[in-house]
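The basis for the numbers below is simple: all heavy atoms, side chains too, and nothing from hydrogens, waters or symmetry mates.
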2 protein chains.
Amino acid sequence: MNEKQENKKVFLEIVSKLKDLIIREKLQPGDKLPSERVLSEMLGVGRSSVREALRSLELLGIIETRHGGGTFLASSQQYRLVELLATFILQENQSIRDVHKTREIHEKEAIRIICANKRLRELPVWESLFLKIELETEVIRDHILRELLIASENRLALRIWIQLAAYSAGALKKVTTEEEKPILQRLLTSLRLGYEKEALKAYTEWLDYL
Amino acid sequence: MNEKQENKKVFLEIVSKLKDLIIREKLQPGDKLPSERVLSEMLGVGRSSVREALRSLELLGIIETRHGGGTFLASSQQYRLVELLATFILQENQSIRDVHKTREIHEKEAIRIICANKRLRELPVWESLFLKIELETEVIRDHILRELLIASENRLALRIWIQLAAYSAGALKKVTTEEEKPILQRLLTSLRLGYEKEALKAYTEWLDYL
DNA sequence: GGTTATTTGTTCGTATGTATC
DNA sequence: CGATACATACGAACAAATAAC
């Protein structure tokens, strides 16, 4: 796929080559990458340049390095969207709003998909969540939302949502209050019955408590 | 409070210090950062470590370096992050179905947002597109969809969509056929009138021609 | 448990190409 | 054109952490 792009910068080429390597070797999270010296020889570049590329990927959270151990594909693909966005890019209100809006897009779509599918509506997890909300004083917001995303059976959307949720985690309330309980239960009940409109309405109401 | 964050990694400390520097000195896009050697002395670290930090920020698009010129705060602060992470996330996620579904999520949401907003509905671009479809034999699908995403005024969603669209570009038809014309025109007309339901229906019909 | 080899962490020196004045 | 400042890139060297035996 990637023809020789004649990148002026060596380290960018290495980043690209590393990406190819990860795909070609089908490396899984936690797998070990070749050592810096081996990469340096393999690619015919200096070790310093290899390090510059590896560091860049490390800052992104794509790889993890252990001193004396080696370099590994990140085990928790949480990436570092959170800190990076927060510290560098997301000073503007517009960007913050975009993150929340995009989260909401995926959450609402998950609700729609579940409502439209009998099998998904009847998953036992909704009853479990209902009881959990009933019994526990605090429920973690994202836990509920994650279940929605998981149930909607779109792994890519789930992955995107996880990144966005990780960012919002710092800015939003983490747990639900007593007030939200009835709203949430209405959401879950509507969901199980397939009442899309009511479910979405409850979801929208819930957003007001953020 | 405490400046010293006790990061194990020097390069991460430098990244952090650079962030502080940018804020403290109130550097604006395009402004010059101290040279590598100066930074190296200022922070009491080796030049290679400084370079590793600078490269990381460069990959993120936060700074730009000009060979022989110096290092500058990036003029266009873009979501480079989205593009970078997208390549990795999309590669891990080998399900093309998920890519299409996620595309559709964003496209449908864009339609909803436009329908719900008078100002967006009245954008001249819809009439232009309508005429274009009328006059030209072939219209590029993604061109139409991109306009929808742009109009929905969520830059993050737009960037995500662009990545998804690029990824699925090889698998889908690129241009519209004669048959699709009336459907598309119905979509655009409904959009301008704010008939969300009809617009979404036309969109769904259009999907069948993919 | 200890020794050795491997690997990353960090710095430094050197040579080279580029930009600016 | 020349001089200077700067980034680019490589490689050597040693420290420190880990892994292997």
Rounded to whole Å, how long is the line connecting atom CG of A:L39 with atom P of C:dT6? 17 Å
Any chance the side chains of A:R155 and B:S95 put a donor and an acceptor closer than 3.5 Å? no
Please work out if A:T71 contacts a base, only the sugar-phosphate, or nothing of the nucleic acid, heavy-atom cut-off 4.0 Å. sugar-phosphate
Within the structure shown, what part of the strands sits under 4.0 Å from A:R66 by heavy-atom distance: base, sugar-phosphate, or nothing? sugar-phosphate
How would you label the contact of B:G68 with the nucleic acid (heavy atoms, under 4.0 Å): base, sugar-phosphate, or nothing? base
Measure the distance from CZ on B:F11 to C1' on C:dT10 and round it to the nearest whole Å. 13 Å
Please tell me whether A:T65 and B:K9 have a donor and an acceptor in their side chains that are separated by less than 3.5 angstrom. yes
Given the structure, check if the side chain of A:S48 and the base of D:dG11 hold any donor-acceptor pair shorter than 3.5 Å. yes
Protein-nucleotide distance (A:E52, atom CD; D:dG11, atom P), rounded to Å: 13 Å
A:E36 atom CD is separated from D:dA15 atom P, nearest whole Å, by 18 Å
Roughly how many Å is it from CD1 in A:I14 to P in D:dA9, rounded to a whole number? 8 Å
Check the distance between C:dG9's C1' and A:E64's CD and give it to me in whole angstrom. 17 Å
Test log, rule salt bridge (Lys or Arg N to Asp or Glu O under 4.0 Å), inputs A:E153 and A:R119: CA-CA 12 Å; A:E153 295 182 333; A:R119 180 174 55 82; 3.2 Å; yes
When the nearest nucleotide of DNA chain D is assigned to B:E58 and to A:S40 on a heavy-atom basis, which residue is associated with the more 5' position? B:E58
Give one of base, sugar-phosphate or nothing for B:S35, where a contact means two heavy atoms less than 4.0 Å apart. sugar-phosphate
Pairing of A:K181 and A:E134 as salt bridge, 4.0 angstrom limit: no
Output yes when at least one side-chain N/O atom of A:R55 is less than 4.0 Å from OP1 or OP2 of C:dT10, else no. yes
OP1 or OP2 of D:dC6 less than 4.0 angstrom from a side-chain nitrogen or oxygen of B:R51, does that happen here? no
Rounded to whole angstrom units, what separation is found between the CZ atom of B:R37 and the P atom of C:dA15? 13 Å
Quick one about B:E13 and B:S16 (side-chain donor to acceptor, distance below 3.5 Å, no hydrogens or angles considered), yes or no? no
Under the 3.5 Å rule, do the base of C:dT8 and the side chain of A:H67 count as making a donor-acceptor pair? yes
Taking for each residue the nucleotide of DNA chain C with the nearest heavy atom, is it B:V45 or A:G69 whose nucleotide lies nearer the 5' end? A:G69
Is it the case that C:dG9 (base atoms only) and A:R47 (side chain only) share a donor and an acceptor within less than 3.5 Å, ignoring hydrogens and angles? yes
Does the side chain of B:S49 get closer than 4.0 angstrom to OP1 or OP2 of C:dT11 through an N or O atom? yes
Can you tell me how far P of C:dT10 sits from CD of B:E41, to the nearest Å? 19 Å
Does A:T65 place a side-chain N or O at less than 4.0 Å from the phosphate oxygens OP1/OP2 of C:dG9? yes
Taking atom CD of B:E180 and atom CH2 of B:W206, what is their separation to the nearest 0.5 Å? 7.0 Å
